[in-house]
Amino acid sequence: MDKMGKYSTKKLFVIAAVVYLIAAIFSVGNHHPDEHFQIFEFAAYKLGLAYETDLPWEYHFMMRPTLQPALVVVAHRFFGLIGLDNPFFVAFFFRLLSAALSLYSIKLLIDLYQNRFKHNLAKYWYVILSLFLWISVYNNVRFSSENWSGTLFVIGFAWMLKRPDPKLWTYLGVGALFGLSFVIRYQSVFMVLGFGLWLLFFRKDAFNKLVLMTLAFFALIGIGALIDRWFYGEWVITTWNYLKHNILEDRVSGFGISPWYHYITQIFLDLVPPFSLIYVFPFLWMIYKKSKSAIVWTIVPFLLIHFLIGHKETRFMFPIIGFVPVAATYFIDWLLDQNGSDLFERVKGWYWFKKLFWVTNVVLLLFISVTPSNEDIPLFKTLYKAIDQPSILYYEHTSPLGDGLSYKYYTQNALGLEELPLDVIDKVTPIAGKQVFVAVSDYDLYLQFKDRGEVVYRSYPEWFRNFNINGWIDRTSWWYIIEI
C-alpha cells in the first residue's frame, strides 16, 4: 500500500480497526427488525429459547435462508461450553466478525483500485472514504443479510480481478463465495449474473472456467439447502418459496409501494443532503462514463430489479455500499482532471463542500459508533440480568419486550415470564416465589411505583428531565422498570 499525505494506508487501517471495534461494542442491536427476527429469533427457536408462535410469518412459509441462524446456533452452543452463551456476548461476537470481514473486503478493494486513480489526492481520499464513511461503518458491523451478502460478494469480486488470468482454484473459491452471498440474500444473484457476463464478454474468460465457477456456486446453494433441511425439519426450496410468496403472490407490496426512482431520492434525503450526493451521483456518472467497467455491469442488474419491485427500502441498497468509494473516487479523479489538481483549494464552493462533508462525516461517525442501533437493547440486558425465577411483567399500553413479535433471544431466561397489561395499580403486589416487574413510560405512573420497589432500569438519566426543551422528552420513548 502506498504512503500518502500525513498517514500511510497502514496507519489508517489501524485507526479504522479501532473505530470498528468501538462500533462493534456500542452499536448494539438491529438496524431493521428483519436483522433480528429472521436471524437471532430463528436461532432462539432452534436453541429452545423461543416458541414457534414467537417467530415471524416468513418462518411459517419456510421462505428465509437459515445459514445465518445456523451460525448463531453453533456459536451459542460453542460459547456455552466455556460459559459465554450470554446472548449479548454472542451478538457482539457476530458484530466483531462482521467488522473483520468487512475490513478484509475493503483492503482487497483498496489494493485493487487505489493505483488506478491518477491524482494522489484521489488516491488518499479513496482510502479515507473506504474506511471511514459513517454509513459504511454503521452497516459493516451489522450481522445482517445485506451486509454479509454484499461483503462476501465484494471479496469474490476482488479475488477474481486481482489477476488478469486467475488460477482454477480462484474460480472455485469465487463461485463458492458468490454461492454463500446468494444463500444469505437471494437478490445478490443479479450482481453475480452481471459480473459473470462481464467476465464472459469483456475480459473474455474461458467458458469452461466460468462453468467451474458456476458449479461451485450451485454446490454452495446445495449446502444451503441442507442447512434449511436441518432447520425446518423437511426438504424445502426456500428460494422458490421466497419468489412465490413475496414476488408472484406480491405479499411484499403489502409493506408499501414506492415509485421506481425512490432509491435515488430517498438515499439523497436519508444520508444527509447535500453530502448524500456522494452516494448517488457518482454511480449515475459511472454508468454513463464507464459503461464497460466490471462495477457497472455488476450493479446495473441489481439496481434494475430493485427499481422494478414495488416495495423499496434504503437498506436494500446496502449490498453495493462497498462500491461507493470506488465510484466516488473515479468521479473525484475525473473532476481533478477537468479542473486541475488544486480544485478543492482554489474554488471556494468546492473547498467548503469538502470541509463541511468531512466535518459532517466525522460527527456522524462518532455518533453511530457509540450509540445503540436499537435503543431497547439496554432494557433487554437489564431484564436478562434481573430475572432469575418465574416472573410477571406488568406493562403500560404495550410490552417493552415487543408489540407482537418479542425479542426472546435477548430475554431467553424469561420463557416463564408472564406479561400482563397494567389495568389496576392496586393489583400489582409482591408474589411469593415470583419476581414482579412493572414497566411504564408515563412519568406520573413511575412516581406511583418507584417507592414500592427498586428501579432497575430507566432509559435516560433522570437529570435529562431538566432539559425538556420544547417537550422533546414527552415525544421520546422513555421506559422505567421497577421490581416490586
Side-chain angles (χ1 to χ4, degrees), residues 27-80 84-95 97-98 141-149 183-186 224 227-234 236 238 241-242 245-246 251-252 255 313 315 372-384 387 391 393 395 398-419:
S27 186
V28 296
N30 50 285
H31 169 71
H32 187 274
D34 283 0
E35 182 184 337
H36 175 81
F37 287 104
Q38 292 172 16
I39 298 177
F40 286 99
E41 288 304 309
F42 272 36
Y45 169 65
K46 203 66 179 176
L47 289 164
L49 305 173
Y51 303 114
E52 189 173 335
T53 52
D54 295 323
L55 300 181
W57 66 274
E58 290 94 338
Y59 169 82
H60 305 285
F61 284 92
M62 294 185 286
M63 57 180 279
R64 290 293 181 182
T66 57
L67 174 58
Q68 285 180 286
L71 290 175
V72 174
V73 171
V74 171
H76 192 96
R77 287 177 174 164
F78 170 77
F79 287 122
L84 289 175
D85 53 348
N86 179 307
F88 303 95
F89 175 81
V90 175
F92 163 70
F93 168 77
F94 280 107
R95 289 195 301 276
L97 185 60
S98 302
V141 298
R142 307 259 74 79
F143 186 53
S144 64
S145 64
E146 293 89 357
N147 179 34
W148 272 57
S149 178
V183 166
I184 289 172
R185 190 164 183 83
Y186 305 132
I227 295 172
D228 291 339
R229 167 68 178 82
W230 164 77
F231 192 91
Y232 288 112
E234 61 182 86
V236 58
T238 52
N241 286 345
Y242 181 90
H245 296 298
N246 253 359
R251 283 178 175 267
V252 69
F255 298 98
E313 296 179 36
R315 67 186 174 99
S373 181
N374 182 337
E375 294 182 351
D376 290 330
I377 300 300
L379 185 153
F380 302 150
K381 195 170 185 177
T382 296
L383 282 177
Y384 178 83
I387 294 175
S391 308
L393 174 67
Y395 60 86
T398 59
S399 169
L401 300 183
D403 184 16
L405 295 175
S406 296
Y407 287 77
K408 289 294 175 63
Y409 182 72
Y410 290 130
T411 53
Q412 56 192 246
N413 57 349
L415 276 179
L417 177 67
E418 185 179 4
E419 298 177 67

J.: Heavy-atom distance under 4.5 Å between the side chains of F380 and P87, does that happen here?
T.: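 No - every pair of side-chain heavy atoms lies 4.5 Å or more apart.
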J.: Taking the side chain from T66 and the backbone from P69, do they hold a donor-acceptor pair closer than 3.5 Å?
T.: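 Between the backbone of P69 and the side chain of T66 there is no qualifying donor-acceptor contact (under 3.5 Å).
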J.: Can you name the closest pair of heavy atoms from I39 and V72 and give their distance?
T.: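 In terms of heavy atoms, the two residues are closest at CG2-CG2, 4.0 Å.
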J.: Using the ring of Y51 (Phe, Tyr or Trp, six-membered ring only), decide whether K408 places NZ or CZ under 6.0 Å from its centre and within 45 degrees of its axis.
T.: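 K408 over Y51 ring: no.
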J.: Nearest 0.5 Å please: distance from the OG atom of S391 over to the CD atom of E418.
T.: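 One finds 10.5 Å between OG of S391 and CD of E418.
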J.: Just checking K46: does its NZ atom have more than 12 heavy atoms from other residues, nucleotides or ligands closer to it than 6.0 angstrom?
T.: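 Counting other residues, nucleotides and ligands, NZ of K46 exceeds 12 neighbours.
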J.: So if I apply the side chain to side chain contact (heavy atoms under 4.5 Å, CB included) rule between V73 and each of F78, W230, Y45, which one comes out positive?
T.: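 Single pass found, and it is W230.
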J.: Do R142 and S373 come within less than 4.5 Å of each other through their side chains, counting heavy atoms only?
T.: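 Counting from C-beta outward, R142 and S373 do come under 4.5 Å.
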J.: Are the side chain of E35 and the backbone N or O of H31 linked by a donor-acceptor pair below 3.5 Å?
T.: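 Here the side-chain-to-backbone pair exists.
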J.: Is the shortest heavy-atom distance from the side chain of L401 to the side chain of E419 under 4.5 Å?
T.: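 The answer is yes, as the side chains (C-beta and beyond) meet within the 4.5 Å cut-off.
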J.: Can you measure from CE (M62) to OG1 (T238) and round to the nearest 0.5 angstrom?
T.: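 Going from the CE atom of M62 to the OG1 atom of T238 covers 10.0 Å.
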J.: Are the side chains of L67 and W148 in contact, using a 4.5 Å heavy-atom criterion?
T.: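 Contact flag for W148/L67 side chains = no.
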J.: Closest heavy-atom contact between R251 and F61?
T.: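 R251 and F61 have their closest heavy atoms at NH2-CZ, 3.3 Å.
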J.: Is it true that R64 and D228 have a side-chain N and a carboxylate O under 4.0 angstrom from each other?
T.: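 So R64 does not pair with D228 through a salt bridge.
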J.: Rounded to the nearest 0.5 Å, what separation is found between the OG atom of S145 and the CD1 atom of I184?
T.: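 Rounded to the nearest 0.5 Å, the OG-CD1 separation comes to 8.0 Å.
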J.: Restricting to non-hydrogen atoms, name the atom on P56 and the atom on Q38 that form the minimum distance, rounded to 0.1 Å.
T.: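 Reported closest heavy-atom pair: CG-CG, 4.2 Å.
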J.: Do F88 and Y410 have ring centres separated by under 6.0 Å?
T.: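 Yes - the distance between ring centres of F88 and Y410 falls below the 6.0 Å cut-off.
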J.: Please report the shortest heavy-atom distance between L393 and S399, naming the atom on each side.
T.: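 Of all heavy-atom pairs spanning L393 and S399, the closest is CD2-OG, 4.3 Å.
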J.: Rounded to the nearest 0.5 Å, what separates atom CD in E52 from atom NE2 in H60?
T.: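 If we round to the nearest 0.5 Å, E52:CD and H60:NE2 are 5.5 Å apart.
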J.: Just verifying a value: how many Å separate F92 CZ and L84 CG, rounded to the nearest 0.5 Å?
T.: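 Reported to 0.5 Å precision, the distance equals 11.5 Å.
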J.: Would you say V28 and P372 make side-chain contact, with heavy atoms under 4.5 Å?
T.: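 Counting from C-beta outward, V28 and P372 do come under 4.5 Å.
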J.: Run the side chain to side chain donor-acceptor pair (under 3.5 Å) test on R185 and S149 for me, step by step, so that the C-alpha distance in whole Å, both residues' side-chain angles and the decisive distance to 0.1 Å come before the verdict.
T.: CA-CA 6 Å; R185 190 164 183 83; S149 178; over 6 Å; no
J.: Taking the side chain as C-beta and beyond, is there a heavy-atom pair between N147 and F143 under 4.5 Å?
T.: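 Of all side-chain heavy-atom pairs linking F143 with N147, none is under 4.5 Å.
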J.: H76 and F89: aromatic ring centres closer than 6.0 Å?
T.: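 Not close enough - the centres of the two rings lie 6.0 Å or further apart.
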J.: Do you know the tightest heavy-atom contact between A70 and I227?
T.: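 Nearest heavy atoms, A70 then I227: CB-CG2, 3.8 Å.
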J.: When you compare the side chain of E313 with that of H32, does any pair of heavy atoms fall below 4.5 Å?
T.: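 Heavy-atom side-chain distance check passes, below 4.5 Å.
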J.: Determine the minimum heavy-atom distance between N246 and V252, stating which atoms define it.
T.: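 Reported closest heavy-atom pair: O-CG1, 3.1 Å.
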J.: Is there a donor-acceptor contact under 3.5 Å from the side chain of T382 to the main chain of P378?
T.: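 Side chain of T382 to backbone of P378: a pair is present.
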J.: Check F42, Y59, Y407, Y409 against F37 for a side chain to side chain contact (heavy atoms under 4.5 Å, CB included) and give me the one that passes.
T.: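 Looking at F42, Y59, Y407, Y409, the match for F37 under the side chain to side chain contact (heavy atoms under 4.5 Å, CB included) is Y407.
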J.: For D85 and R77, indicate whether the former's side chain and the latter's backbone hold a donor-acceptor pair under 3.5 Å.
T.: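 Checking the backbone N and O of R77 against the side chain of D85, no donor-acceptor pair under 3.5 Å is found.
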J.: Taking atom CG of L383 and atom OG1 of T411, what is their separation to the nearest 0.5 Å?
T.: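 OG1 of T411 is found 7.5 Å from CG of L383.
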